[in-house]
Amino acid sequence: MAPRSFLLSDELHAYLLAHTAPVDDIAQSLIDATVALGGVAGMQIAPDQGAFLALLVRVIGARRCVEVGTFTGFSALCVARALPEDGTLLCCDVSEEWTAIGREHWKRAGVDHKIDLRIAPAVETLAALPIDEPFDFAFVDADKPNYVAYVDAIVPRLRTDGVLLVDNVLWSGAVVNDDANDDSTVAIRQTNDYIAAHRDLESVILPVADGLTFARKR
């Protein structure tokens, strides 16, 4: 199953999904292909989170988007579908194997022409981007120890009033567990503190799925 909020009961989760834009056959096929991978499927965003990303992209009128951490491409599918025909989404990932699932489904959905997938360390990909071609929207959902580095690379390349979303910021509640001090948990705490104090960002943490930081560039 795709991830879901650890804060919701089964009944509330079912109610939430029943009142959220449903996934279609292509999106469901992508979800099923991801679930078939086994335990790593937990890295996929939740369906309601995908609906939120798509809605937000439409609301802000985004045309240029970037995502760090594509995995099997569900979030990219949601964002690309929400973009206008001439919109673009730059996807940064390091796995040919997992992103191949996304490529197949992007093509089936007719949005592959909007997506520029670059297989390389995201820090390198982002650092090579020009500052004077800003993004409207950015989504970070990758290796947690590099979260601050990704934010540092994205913020200068985000337009004023552009939106940055950062995933997994509650980490199943581990961020407030004093006994949880693994690298990922520590990195998420540092990222949350960093964004909250960032002079160029106005932010709020939303209890969506595993916690989602919603930030606006001032």
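Worth knowing before you read on, the calculation uses all heavy atoms, side chains too, and leaves out hydrogens, waters and symmetry mates.
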Is there a donor-acceptor contact under 3.5 Å linking the side chains of Asp167 and Gln49?
yes
How long is the span from the OH atom in Tyr147 to the OG1 atom in Thr191, to the nearest 0.5 Å?
7.5 Å
Asp10 and Tyr15: side chain donor to acceptor below 3.5 Å:
no
So which atom in Phe74 and which in Gln44 form the shortest heavy-atom distance, rounded to 0.1 Å?
CB-NE2, 3.9 Å
In short, side chain to side chain donor-acceptor pair (under 3.5 Å) pairs touching residues 197-208 with sequence neighbours left out are Glu202-Arg216
For the side chain of Lys144 and the backbone of Ala142, is there at least one donor-acceptor N/O pair under 3.5 Å apart?
yes
Within the 3.5 Å criterion, strictly below it, is a donor on Asp24 or Gln28 matched to an acceptor on the partner's side chain?
no
Does anything in residues 58-75 pair up under side chain to side chain donor-acceptor pair (under 3.5 Å), and if so which pairs, sequence neighbours excluded?
Thr34-Thr72, Arg63-Asp86, Glu67-Thr70, Glu67-Ser75
Between Arg118 and Thr125, what is the shortest heavy-atom contact and its length?
CD-CG2, 3.9 Å
Any chance the side chains of Ser29 and Asp32 put a donor and an acceptor closer than 3.5 Å?
no
When clusters are formed by joining ILVMFWY residues with side-chain heavy atoms under 4.5 Å apart, either directly or through shared neighbours, do Val23 and Leu77 land in the same one?
yes
Which heavy atom in Cys65 sits nearest to a heavy atom in Leu83, and how many Å separate them?
SG-CD2, 3.7 Å
Same hydrophobic cluster for Tyr150 and Leu170, using side-chain heavy-atom links shorter than 4.5 Å among ILVMFWY?
yes
